[in-house]
Novice: 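Dumping the structure here so I can ask a few things about it.
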Amino acid sequence: MINFNGNIGQEENILTQNRAFLYGDGIFETVKIINGKILFLEDHYFRLMASMRVVRMMIPMNFTMEYFEEQILNLVNQLNIASSARARITVFRNDGGLYLPKSNDISFLINAIVLGNTSYSLNTKEYEVDLYKDFYVTKQLLSSLKTTNKMINITGSIYAHENDLANCLLLNDSKNVVEALQGNVFMVIGQKLITPPVSEGCLNGIMRKQILALGRKVEGIEVVEEIISPFDLQKADELFLTNVIMGIQPISKYRKKEFTTNLAHLLVQKLNESISEN
């Protein structure tokens, strides 16, 4: 029997044994589907496989990239939202055990919702951010994975909401800027495009990878992975965030500093061109 919200009854709640719920023992990928195609399919699949190996999950023999693709598209087609959708696949270790699992076998859950447009666009509305300093990201491999333990992102999002901010930038245990609550962070100073290296503790983002590649094709732009200190933010000409769903989100204001969006505009254009070509 269990006590659920003060009511004692039979143990029918699936969450009582779910390891992703009990221990954060899960990995997830969020993908964008446009016109029946999963964007950056290979990157998502191989990141998921690499993450599962890091946390010692057993990868089923049938869990191929084709199977991964098929399962996601089956759902969005059933929902009739394959023209523009967001889907999340959560992989978690099967029930059993405490900290030590009884098995490394896995199950997965996919859910999907419709999105409003079929291409990336730049949101140029006011988007103010600040630092979130209550907790810090640790510089370790686990920080670069998309796990179901996202408490720093949750508490940071509450802080942002309470302070009328659009987002917050997270710091690592060396007090350097590593990422935002919902994506990677890029900074433009002069002709230099900078993002923190994964070794600093930031998520190994799929859109981060695309923007690094596209930035290297822009004439006159030097692309580097370097440490960003909070003091560097005040020197920046542009700041923007990236993730697969929104693409590029310019930051309009950090404290009293306001920013341009020139390179962000160009990169969104090149991003859409690269998608239409593939």
Side-chain angles (χ1 to χ4, degrees), residues 4-6 13 15-16 18-32 51 86-90 92 109 111-116 123-140 142-187 195-196 198 200-208 228-234 236 239-259:
F4 182 64
N5 287 339
N13 193 323
L15 296 180
T16 58
N18 183 276
R19 295 190 59 84
F21 171 73
L22 295 175
Y23 306 113
D25 191 2
I27 298 290
F28 71 96
E29 286 288 324
T30 304
V31 303
K32 188 168 186 173
S51 298
R86 165 187 181 145
R88 168 173 161 153
I89 178 168
T90 306
F92 50 91
L109 173 70
N111 63 295
I113 59 172
V114 68
L115 291 176
N123 176 11
T124 55
K125 294 180 181 178
E126 182 177 332
Y127 198 91
E128 183 176 357
V129 307
D130 206 337
L131 302 178
Y132 180 59
K133 298 186 286 187
D134 288 0
F135 304 105
Y136 299 98
V137 176
T138 55
K139 290 192 289 184
Q140 58 164 327
L142 284 178
S143 297
S144 70
L145 310 183
K146 295 198 77 168
T147 73
T148 53
N149 184 347
K150 290 292 182 183
M151 194 57 70
I152 188 171
N153 305 75
I154 294 165
T155 57
S157 296
I158 295 169
Y159 172 86
H161 177 72
E162 291 173 344
N163 289 276
D164 296 320
L165 299 167
N167 211 322
C168 281
L169 303 179
L170 300 176
L171 304 174
N172 64 15
D173 37 16
S174 296
K175 308 302 186 292
N176 293 317
V177 177
V178 284
E179 60 189 359
L181 296 169
Q182 302 98 4
N184 292 105
V185 61
F186 283 80
M187 177 176 71
T195 195
V198 173
E200 284 293 289
C202 67
L203 177 70
N204 188 15
I206 301 300
M207 186 55 69
R208 174 185 182 274
I228 297 176
S229 78
F231 304 104
D232 294 328
L233 301 177
Q234 298 285 357
L239 288 176
F240 58 82
L241 312 178
T242 64
N243 70 37
V244 159
I245 302 303
M246 68 183 177
I248 297 175
Q249 171 59 60
I251 293 171
S252 63
K253 186 177 182 181
Y254 166 71
R255 299 189 175 173
K256 295 183 179 180
K257 180 70 184 285
E258 297 184 354
F259 305 95

Novice: Nearest heavy-atom pair of Lys257 and Gln234: which atoms, and what distance?
Specialist: NZ-O, 2.9 Å
Novice: Leu22 and Thr16: which non-hydrogen atoms are nearest, and at how many Å?
Specialist: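 Where Leu22 meets Thr16 most closely, the heavy atoms are CD1-O, 3.5 Å.
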Novice: Start with the C-alpha gap between Ile154 and Ile158, add the side-chain angles, then the distance that decides, and say whether side chain to side chain contact (heavy atoms under 4.5 Å, CB included) holds.
Specialist: CA-CA 6 Å; Ile154 294 165; Ile158 295 169; 4.2 Å; yes
Novice: Is there a side chain to side chain contact (heavy atoms under 4.5 Å, CB included) between Leu131 and Arg255 once you walk through the steps?
Specialist: CA-CA 9 Å; Leu131 302 178; Arg255 299 189 175 173; 3.8 Å; yes
Novice: Rounded to the nearest 0.5 Å, how far does OG of Ser51 lie from CZ of Phe28?
Specialist: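 Going from the CZ atom of Phe28 to the OG atom of Ser51 covers 10.0 Å.
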Novice: Between CD1 of Ile206 and CD1 of Ile245, what distance do you get to the nearest 0.5 Å?
Specialist: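 Answer for the CD1-CD1 pair, Ile206 versus Ile245, is 11.5 Å.
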Novice: I'd like to know whether CZ of Arg86 has more than 12 heavy-atom contacts from other residues, nucleotides or ligands below 6.0 angstrom.
Specialist: no
Novice: Would a distance-only check, ignoring hydrogens and angles, find a side-chain to backbone donor-acceptor pair under 3.5 Å from Asn163 to Leu165?
Specialist: no
Novice: Please say whether more than 12 non-hydrogen atoms of neighbouring residues, nucleotides or ligands are located less than 6.0 Å from NZ in Lys175.
Specialist: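 Correct, the count exceeds 12.
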Novice: Can you name the nearest heavy-atom pair linking Thr148 to Ala20, along with the distance?
Specialist: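 In this case the closest contact between Thr148 and Ala20 is OG1-O, 4.0 Å.
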Novice: Nearest 0.5 Å please: distance from the CD1 atom of Ile27 over to the CD1 atom of Ile89.
Specialist: 12.0 Å
Novice: If you compare all heavy atoms of Ser143 against all heavy atoms of Gly201, which two are closest, and at what distance to 0.1 Å?
Specialist: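 Shortest heavy-atom contact: CB-O, 3.3 Å.
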Novice: Of all the heavy-atom pairs spanning Gly205 and Asn184, show the shortest one and how long it is.
Specialist: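 Nearest pair, atom of Gly205 first, then Asn184: CA-OD1, 3.4 Å.
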Novice: Is there a side-chain contact between Asn176 and Pro196, using heavy atoms and a 4.5 Å cut-off?
Specialist: no
Novice: Are the side chain of Asn167 and the backbone N or O of Tyr127 linked by a donor-acceptor pair below 3.5 Å?
Specialist: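 No, the answer is negative, given that no donor and acceptor are paired below the 3.5 Å cut-off.
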Novice: Which pair of non-hydrogen atoms, one from Thr242 and one from Met207, has the smallest distance, and what is that distance?
Specialist: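 That would be CB-CG, 3.7 Å.
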Novice: Nearest 0.5 Å, what's the CE-CG distance between Met187 and Asp232?
Specialist: 4.5 Å
Novice: Quick one, Asp25 and Phe92 - any side-chain contact, counting heavy atoms below 4.5 Å?
Specialist: no
Novice: Using 30° and 60° as the class boundaries, would you call the ring planes of Phe240 and Phe186 parallel, tilted or perpendicular?
Specialist: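 Rings of Phe240 and Phe186: parallel, under 30°.
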Novice: Take Gln182 and Asn153, measure what side chain to side chain contact (heavy atoms under 4.5 Å, CB included) needs, and give me the verdict at the end.
Specialist: CA-CA 8 Å; Gln182 302 98 4; Asn153 305 75; over 6 Å; no
Novice: Quick one, Glu200 with Asn172, criterion side chain to side chain donor-acceptor pair (under 3.5 Å). Give me CA distance, side-chain angles, the key distance, then yes/no.
Specialist: CA-CA 7 Å; Glu200 284 293 289; Asn172 64 15; 2.8 Å; yes
Novice: Calculate, to the nearest 0.5 Å, the distance between atoms NZ and OH belonging to Lys133 and Tyr159 respectively.
Specialist: 7.5 Å
Novice: Applying side chain to side chain contact (heavy atoms under 4.5 Å, CB included) to Thr30 and Lys146, what does each step give before you reach the verdict?
Specialist: CA-CA 9 Å; Thr30 304; Lys146 295 198 77 168; 4.0 Å; yes
Novice: Using the rule side chain to side chain contact (heavy atoms under 4.5 Å, CB included), only one of Leu239, Thr195, Leu171 pairs with Val177; which is it?
Specialist: Leu171
Novice: Find out whether Leu241 and Met246 are in side-chain contact, i.e. whether some heavy atom of one side chain is under 4.5 Å from a heavy atom of the other.
Specialist: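 Heavy-atom side-chain distance check passes, below 4.5 Å.
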Novice: Distance from Leu169 atom CG to Ile228 atom CD1, nearest 0.5 Å?
Specialist: 9.0 Å
Novice: Side-chain contact, heavy-atom cut-off 4.5 Å: Leu170 with Val185?
Specialist: no
